[in-house]
Amino acid sequence: MPELPEVETIVRFLREGRDDKPSLYGFRIEKATVLWERSLAFPKLEEFLQNISDQIITSISRRGKFIRVELQNNYFIIHLRMSGDLWVEPETTPPGLHHRWMLHFGNGWRLAFNDPRKFGRAWMVADDQSILGNLGPEPFDKTLTADAFFKQLHHCRRQLKPLLMDQTFLAGLGNIYTDEALHLAKLHPMLVSNNLSEAQCAKLLAAIRQVLREGIVRQGASIDWVYRGGDFQKYFRVYQRTGKPCPVCTTPIERITLGQRSTHFCPICQKM
DNA sequence: ACGAGCGCCTGTCGGC
DNA sequence: TGCCGACAGGCGCTCG
């Protein structure tokens with residue numbers, strides 16, 4: 001489920017609690033259980049189990065699509081990839097079929113990483129920049145001005161769709177929000193970055209921020225069988241709407257493959 | 001520098 | 001009903 005709005009929703013929930021679930025701030029990790037070893041990218045299992053025990057969660061934040069849990073001695077960083085999710089649940093619940101690891105707090109609660117497709121990864125590292133250091137700017141960063149974004153787009157010569165999904169260019173967009181932003185900005189996904197005018201670049205940045213804001217307000221999108229969180233899927237303009245009318249001009253939405261990913265756009269609103 | 005192909009995984013859905 | 005391919009919110013790798 002993870003693009004910026006879904007990850008942001010999960011981070012807020014872990015930080016603030018939701019419904020009957022507590023905030024994890026200040027929780028002491030009594031011990032961890034790893035059920036699928038490949039979910040742990042670093043360090044080796046033994047070292048991880050030993051070093052995570054007895055540490056206290058001091059903060060929880062998001063960088064791009066990564067979740068950064070700050071502990072006293074180091075960072076626990078999680079990437080949900082395609083199907084990962086984090087559940088706060090009582091220890092009395094039987095572990096789910098797709099649980100890959102769990103942090104036990106010894107107070108009746110645990111944090112479980114549920115990930116049917118097993119693509120998700122977690123790292124425990126002293127320096128968070130060893131994992132997050134190559135990420136591009138945050139879309140809402142105030143220093144990312146229209147002018148800076150124009151320069152970034154003109155610094156390379158790439159199709160907009162794969163470029164916007166490149167996390168070293170901009171951190172947080174995935175397949176859904178890229179398609180949605182390009183439609184809102186009325187830009188064809190195959191347009192080449194350094195051909196955009198200043199006005200088009202400014203419009204694209206504004207569109208990216210708008211769709212991400214909408215996604216966060218709706219608490220993310222829930223599609224398929226993963227992530228039953230928000231309802232942004234009810235408001236998709238183009239994503240997974242092949243053949244359905246464009247919300248602006250009613251022309252049927254088209255689907256092509258770009259950068260190995262299905263790409264949805266309106267052939268009238270988003271001309272080459 | 002850039003894009004395409006593929007691998008990693010499990011699950012769902014539509015067609016036959 | 002069962003089988004089979006296509007497809008799914010990501011990303012790292014190789015190969016042209």
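These values consider heavy atoms only, across backbone and side chains, with no hydrogens, waters or symmetry-generated copies.
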Please report the distance, rounded to the nearest Å, between [atom1] in [X] and [atom2] in [N].
| X | N | atom1 | atom2 | value |
| --- | --- | --- | --- | --- |
| A:Leu173 | C:dG10 | CG | P | 10 Å |
| A:Arg241 | C:dA8 | CZ | P | 16 Å |
| A:Ile67 | C:dG9 | CD1 | P | 19 Å |
| A:Phe169 | B:dC2 | CZ | C1' | 14 Å |
| A:Met165 | C:dG9 | CE | P | 8 Å |
| A:Asp166 | C:dG12 | CG | C1' | 12 Å |
| A:Leu164 | C:dC11 | CG | P | 14 Å |
| A:Arg117 | C:dG12 | CZ | P | 16 Å |

Please check the phosphate of [N] (OP1 and OP2 only) for any side-chain N or O of [X] closer than 4.0 Å.
| X | N | value |
| --- | --- | --- |
| A:Lys65 | C:dG10 | yes |
| A:His155 | B:dA1 | no |
| A:Arg255 | C:dA6 | no |
| A:Lys161 | B:dG3 | no |
| A:Ser83 | B:dC9 | no |

Is there a donor-acceptor pair closer than 3.5 Å between any side-chain N or O of [X] and the backbone N or O of [Y]?
| X | Y | result |
| --- | --- | --- |
| A:Thr178 | A:Asn175 | no |
| A:Arg100 | A:Gly84 | no |
| A:Glu3 | A:Tyr177 | yes |
| A:His154 | A:Leu196 | yes |

Hey, is A:Phe119 stacking on B:dC8? Ring centres under 5.5 Å, planes under 30°. yes
Whole-Å [atom1] distance, [N] and [M]:
| N | M | atom1 | result |
| --- | --- | --- | --- |
| B:dG5 | C:dC7 | P | 13 Å |
| C:dA6 | B:dC6 | P | 12 Å |
| B:dC9 | C:dC3 | P | 24 Å |

Given [options], identify the nucleotide with an atom nearest to the side chain of [X].
| X | options | result |
| --- | --- | --- |
| A:Arg157 | B:dG11, B:dC2, C:dG9 | B:dC2 |
| A:Arg38 | B:dC8, C:dC11, B:dG3 | B:dC8 |
| A:Lys118 | B:dG3, C:dG10, B:dC9 | B:dC9 |
| A:Gln260 | C:dC11, B:dC2, B:dG5 | B:dG5 |
| A:Asn175 | B:dG3, C:dG9, C:dC11 | C:dG9 |
| A:Arg158 | B:dG3, C:dC11, B:dC9 | B:dG3 |
| A:His79 | C:dC11, B:dG3, C:dG9 | C:dC11 |

Stems formed with participation of DNA chain C [Watson-Crick or G-U wobble, under 3.5 Å, three or more pairs]: B:2-8 with C:10-16, B:10-16 with C:2-8
Please report whether the ring centroid of A:Trp123 lies less than 6.0 Å from that of A:Phe42. no
Should the pair A:Arg63-A:Asp128 be classified as a salt bridge under the 4.0 Å nitrogen-to-oxygen rule? no
Using a 4.0 Å heavy-atom cut-off, does A:Tyr239 contact any base of the nucleic acid, only the sugar-phosphate backbone, or nothing at all? sugar-phosphate
Under 4.0 Å, heavy atoms only, any strand: does A:Arg121 hit a base, just the sugar-phosphate, or nothing? nothing
Single-linkage hydrophobic cluster A:Phe140~A:Leu204, side-chain heavy atoms < 4.5 angstrom: yes
Hey, what's the ring geometry for A:His79 with A:Phe66, parallel, tilted or perpendicular (30° and 60° as the breaks)? perpendicular
On the ring face of A:Phe13, is A:Arg18 found with NZ or CZ under 6.0 Å from the centre and within 45° of the axis? yes
